[in-house]
Amino acid sequence: MAYTPQYGPGTSIVAENRRKQMNPNYKLEKVRDVTDEDVVLILGHRAPGSAYPTAHPPLAEQQEPDCPIRKIVKPTEGAKAGDRVRYIQFADSMFNAPSQPYQRTYMEMYRFRGIDPGTLSGRQIVECRERDLEQYAKMLIETEVFDPALVSCRGATVHGHSLRLAEDGMMFDMLQRCVLKDGVVKYVKDQIGEPLDREVSVGKPMDDAWVKAHSTIFHSLAGVAFRDDKEYVEYIQRIHALRTKYGFMPKEE
Amino acid sequence: MGKIERSQKLFLDALKEKFHGQDPKSVNTTFYNFDGVKQSPRKREFMAATKAIEQKRGISMYDPEHCHLGGIPMGQRQLMTYEVSGTGTFVEGDDLHFVNNAAMQQMWDDIRRTIIVGMDLAHTTLQKRLGKEVTPETISEYLHILNHAMPGGAVVQEHMVETHPGLVDDCYVKVFTGDDEMADSIEKQFVLDIDKLFTPEHAAVLKKNVGKSIYQAIHIPTIVSRTCDGGTTSRWSAMQIGMSFIAAYRMCAGEAAVADLSFAAKHAGVIQMATHLPARRARGPNEPGGIKFGLFSDIIQANRKYPNDPAKASLEVVGAGTMLFDQIWLGSYMSGGVGFTQYATAAYTDNILDEFTYYGMDYIKDKYGVDYKNPSPAKLVKPTQEVVNDIATEVNLNGMEQYEQYPTMMEDHFGGSQRASVLAASCGITTSIATGNSNAGLNAWYLSMLMHKGGWSRLGFFGYDLQDQCGSANSLSMEPDRGLIGELRGPNYPNYAMNVGHQGEYAAISGAAHFGRGDAFCFNPLVKITFADPSLKFDFSEPRKEFAKGAIREFVPAGERSLIIPAK
C-alpha cells in the first residue's frame with residue numbers, strides 16, 4: 001500500500017498552515033519579488049556576479065568511485081559543480097511569524113534536496129551547496145513563509161524571537177540588520193551583520209490579519225490557543241503514550 | 001485536562017519590577033535606547049575595576065564596548081535584573097554567575113568536602129581484635145582528637161607542620177546514631193541531634209534506619225578540597241581518622257590493626273557524596289557528575305524545614321540542582337566554558353517556575369483531591385499513563401499560556417531551553433508530588449517536551465533534540481534499557497550526560513516524589529542527617545536565599561586566604 005503523507009494532525013488554521021507548508025504539492029504563494037542579486041547580498045557569502053567558490057572539482061571532471069548509491073541519487077546542481085556548502089539562517093518571531101523552527105525544517109525536508117537543516121529555539125539554519133542555497137533562499141524569502149518584520153536572516157546574534165516587538169512592529173535585532181523605512185523593510189547589513197553597500201528591500205510587513213491567517217505557531221494571545229486544537233493535543237498524548245509503552249516500535253492497543 | 005482558575009500570579013511582582021513602568025501584558029516596547037552595556041550598574045562596576053587592573057598589570061582586559069560584536073555592546077535591549085525566587089531579593093544577572101557568588105561556591109564546596117564514615121567497623125577492630133574498651137567517653141575523646149586532627153593538627157609524631165586554624169575553621173566532625181542512649185552519652189558538641197533537627201515523624205524514621213550504628217559526618221577544609229579535588233575528601237579524612245584512632249586508643253602506629261582501620265576509613269565504611277566517573281569524564285568520587293539525583297534531594301533540606309510544602313521543597317532542589325549541575329558541572333567542568341548561568345537561573349528566578357508548580361498543586365487538589373499540604377503516601381494518585389498525561393498536559397498548557405499572555409515573561413525567559421526546562425519541571429514536579437513516583441514525574445517531563453515542541457514548533461538547543469524526544473521511551477523502560485528509577489539516575493546517566501537545563505530539575509522530580517509522600521528521606525538517611533547540620537557554612541534548607549545573599553554580597557564563605565596574604 002502506497003504511503004500517503006498526512007503532514008501532521010490538527011483541526012486549526014495553524015495545523016492547516018503547517019500541512020500546506022510541508023506538502024510539496026501545495027504551491028507556496030509568492031508574496032514579494034526579491035532579485036537574485038539581492039538574495040546574494042543578504043546571504044553575504046559571495047559578491048554578486050562572482051564565481052561560486054568550490055570545495056572540489058565538478059563531478060564530471062573527477063573520477064567517481066563505483067558506488068551504487070551515487071548511481072541512485074542524482075546530484076543537485078550545486079553538488080555537480082562542486083560548490084562549497086553555505087547556509088541561510090532565520091529567526092522567527094513567536095508573534096505569528098509565518099514559519100517557525102521545526103516547521104521550517106519539516107518543510108525544507110519535504111521540498112528541498114541535498115540539505116542539512118539545524119533546529120533550535122531561536123533560529124533555524126539550512127546548509128547546502130551554494131547555488132542550490134540561493135534558489136532555496138529566494139523561495140524562502142519571496143513566498144508566504146516569510147514576513148519582513150517577523151522573520152529575519154541572521155547568521156549570528158539571533159536574539160529576538162521571544163521578545164516583544166518594537167513599536168514599529170519589527171522583531172528585535174541587536175545588530176539592526178534590517179530597518180523599516182517608509183513602510184518598507186530594508187536590509188542594511190547582510191545576515192552575518194556586515195554592512196551592505198546598498199539597501200536591499202524585502203517589501204512591506206504583512207498586516208495583522210494576514211499573519212494570523214498564515215501563522216504556524218499556536219499562541220493564545222496572538223492567535224489560536226494550542227488548547228483549542230484538541231485533535232493536536234490528543235495526538236501528542238497518544239504519541240507519548242505509545243513511545244512510553246512500546247519505545248519506537250509503537251503498536252495500537 | 002481542564003483549565004482551573006488561579007488568580008494569584010507569583011511572577012507578577014518580579015515582572016513589574018524588572019520592566020518598571022511597563023504593562024507586563026504589553027506586546028510592544030522600545031529597543032536600542034538603553035545606553036548599551038552601561039545601563040547595568042554591575043557592568044559599569046566591571047568596567048571601572050578593569051581600569052585599575054589594566055593600569056596595574058599592563059595587559060588589556062574587560063572591554064565590552066570594543067570587543068562585543070565588533071563594537072556593538074550588549075544592552076541594545078533592557079538588561080534585566082532578577083528576583084531570586086521566593087526571596088524578594090532582586091539581583092543583577094551577573095551576580096548569579098558562580099564566580100561572582102560566594103554562596104554558590106560554598107554550596108558546592110560543602111558537598112565536595114563532605115564524607116560520611118561509619119564507626120562500627122573500627123570499633124569492632126578495636127574491641128575484638130585489640131581488646132580495647134570502646135565507651136561513650138572514649139568516643140568523645142576520640143572526637144576531640146579528631147576535631148584537632150581533621151583540620152590539620154598533628155597528633156602522634158614530633159616536629160610536624162600544621163595548618164593555621166583560621167584558614168580551616170570550617171572543618172569539623174560530628175557523629176549521629178539512632179541509639180538515643182549512646183547519643184545522649186557523647187559530648188553534645190560532637191552530636192547531630194536528630195530529634196532536634198527533624199519533625200518527630202521524620203526523626204523516628206531516620207533513627208530507625210540508622211539503627212545502633214554510629215556515623216561520622218566529616219567536612220574537610222574547603223581550602224583543601226579546592227586545592228585538590230573531591231577525591232581527596234575521603235583520603236584526607238581517612239588519614240586523620242587513622243591518626244586519631246592511634247592517638248585516642250594508644251595504638252602502635254605500625255601495628256597491623258591500623259590497616260583495618262585505614263581500610264574502613266578509606267573504603268569499607270565510607271559513604272561518598274558522589275560515585276567516581278568513567279575515565280572519559282576524568283573525575284574521581286565526590287565530584288558533581290557522580291551525585292545521584294535521589295542523594296542530591298537528600299542533601300537539600302527544604303522538606304525538613306517545610307514538610308508541609310512539597311512544592312517549595314522541590315523548588316529549592318531545582319535551584320540548588322540547576323546551579324550545581326548546569327552552572328558548575330556542565331557549564332564549566334564539562335564544557336570548559338564560562339558557564340551556562342542563564343539556563344539555570346530561569347528555573348530559580350522571578351517565581352515563574354514557582355507559579356507554574358503551584359498551579360499544578362491547585363490542579364491536583366482540584367481534580368484528584370490530593371491534599372498536597374498534608375503529604376502522605378495514602379493520599380496519592382495511582383500513577384497510570386492517563387493520570388500522567390492529564391496532569392502534564394494541563395500544567396504544560398497553563399505554562400505556555402502564561403508565557404503567551406504575559407509577553408514580558410516570554411522576554412524574561414528569552415531562550416527556548418529556559419522555557420522548556422521550566423515548563424517540563426513544573427509538569428514533572430507536579431506529577432511526582434501527585435503520584436509519589438519519580439518515574440511518573442520523569443514521564444510527565446517528556447510529555448511536556450513533546451507538547452511544547454508541538455505547540456510552538458521549537459524547543460531548546462540541540463541537546464533537547466537528543467534526550468527529550470526519546471525520553472518518553474526511556475522513562476519507564478527498566479528491563480529493556482536496564483533503566484533506573486529516578487532516584488538512582490544522575491548527571492552521567494545515558495542521554496543526560498551533556499544536556500544543560502535538565503539535571504537539577506530531574507533531581508527535584510526525584511525528590512518531589514518523596515516530598516509528596518511525606519518521606520523522611522529520598523535515597524539515603526545518612527546524607528539527609530549529615531546536611532541538616534546547622535554548623536555547615538551553607539544553609540541547605542534555604543539554597544535560594546543563600547544564593548540571594550551571595551548575590552548581594554552578604555554571604556560569608558570559608559576558605560579565605562586573607563590571613564596569609566598582604567592586607568589590602
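Below, chains carry the letters A, B, ... as their sequence lines are ordered, and counting in each starts from 1. Quick caveat, the model's predicted, so the values are computed rather than measured.
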Among B/Gly455, B/Gly460, B/Ala473, B/Ala392, residue most engaged with chain A (heavy-atom pairs, under 4.5 Å) = B/Gly455
ask   = Does any heavy atom of chain B fall under 4.5 Å from the side chain of A/Thr157, the backbone, both, or neither of them?
value = side chain
inquiry  = Assess whether a salt bridge exists between A/Arg177 and A/Asp190, defined as any Lys/Arg side-chain N lying under 4.0 Å from an Asp/Glu carboxylate O.
reply    = no
query = For the residue pair A/Tyr136 and A/Phe112, does the interplanar ring angle fall in the parallel (under 30°), tilted (30 to 60°) or perpendicular (over 60°) class?
reply = parallel
message = Could you check whether A/Arg227 pairs with B/Glu394 (Lys NZ or Arg NE/NH1/NH2 to Asp/Glu carboxylate O, under 4.0 Å)?
response = yes
query = What part of A/Tyr232 lies closer than 4.5 angstrom to a heavy atom of chain B: side chain, backbone, both or neither?
reply = side chain
inquiry  = Does A/Arg18 qualify as a cation-pi partner of A/Tyr102, given the criterion of NZ or CZ under 6.0 Å from the six-membered ring centre and within 45 degrees of its axis?
reply    = no
ask   = Which region of B/Phe31, side chain (C-beta onward) or backbone (N, CA, C, O), has a non-hydrogen atom less than 4.5 Å from a non-hydrogen atom of chain A, or is it both or neither?
value = side chain
query = Regarding B/Gln22 and A/Arg164, is there a side-chain donor-to-acceptor distance under 3.5 Å anywhere?
reply = yes
key: Polar side chain donor-acceptor pair, A/Lys189 to A/Gln176, under 3.5 angstrom   = no
query = Picking from B/Lys25, B/Met410, B/Arg77, B/Glu386, which has the most non-hydrogen pairs under 4.5 angstrom with chain A?
reply = B/Arg77
request  = Go through the side-chain N and O atoms of A/His240 and B/Ser472 and say whether any donor and acceptor fall under 3.5 Å apart.
outcome  = yes
Interchain contact, A/Phe95 with chain B, by part (heavy-atom threshold 4.5 Å) = side chain
message = So for B/Gln469, is it side chain, backbone, both, or neither that comes closer than 4.5 Å to the heavy atoms of chain A?
response = both
ask   = Out of A/Ala166, A/Gly160, A/Gly8, which one racks up the most heavy-atom pairs below 4.5 Å with chain B?
value = A/Ala166
ask   = Can you tell which of A/Ile239, A/Leu175, A/Thr216 has the highest number of heavy-atom pairs within less than 4.5 Å of chain B?
value = A/Leu175
remark   = Of all heavy-atom pairs linking A/Ser201 and A/Val184, the shortest is OG-CG1, 3.1 Å
Chain A contacts, top residue of B/Glu411, B/Arg419, B/Met449 (heavy-atom pairs, under 4.5 Å) = B/Glu411
inquiry  = So which residue, B/Pro407, B/Gly454, B/Gly415, ends up with the most heavy-atom pairs under 4.5 Å with chain A?
reply    = B/Gly454
query = chain A: which of B/Thr30, B/Thr393, B/Leu69 shares the most heavy-atom pairs with it under 4.5 Å?
reply = B/Leu69
ask   = Among B/Leu397, B/Leu450, B/Leu447, which residue forms the greatest number of heavy-atom pairs with chain A at distances under 4.5 Å?
value = B/Leu447
Side chain, backbone, both or neither of B/Phe19 within contact of chain A (heavy atoms, under 4.5 Å) = side chain
query = Non-hydrogen atoms of chain B under 4.5 Å away: do they reach the side chain of A/Asp229, the backbone, both or neither?
reply = neither
ask   = Relative to chain A, which segment of B/Ser26 carries a heavy atom at a distance below 4.5 Å: side chain, backbone, both, or neither?
value = both
message = For B/His68, which atoms come within 4.5 Å of any heavy atom of chain A: side chain, backbone, both, or neither?
response = side chain
Carboxylate-amine/guanidinium contact A/Glu142 A/Lys138, below 4.0 Å = yes
task = Please state whether the rings of B/Tyr403 and B/His413 are parallel, tilted or perpendicular, taking 30° and 60° as the class boundaries.
result = tilted
request  = Using a strict 4.0 Å threshold on nitrogen-to-oxygen distance, state whether B/Arg6 and B/Glu355 make a salt bridge.
outcome  = yes
Residue B/Glu401 versus chain A: region with a heavy atom under 4.5 Å = both
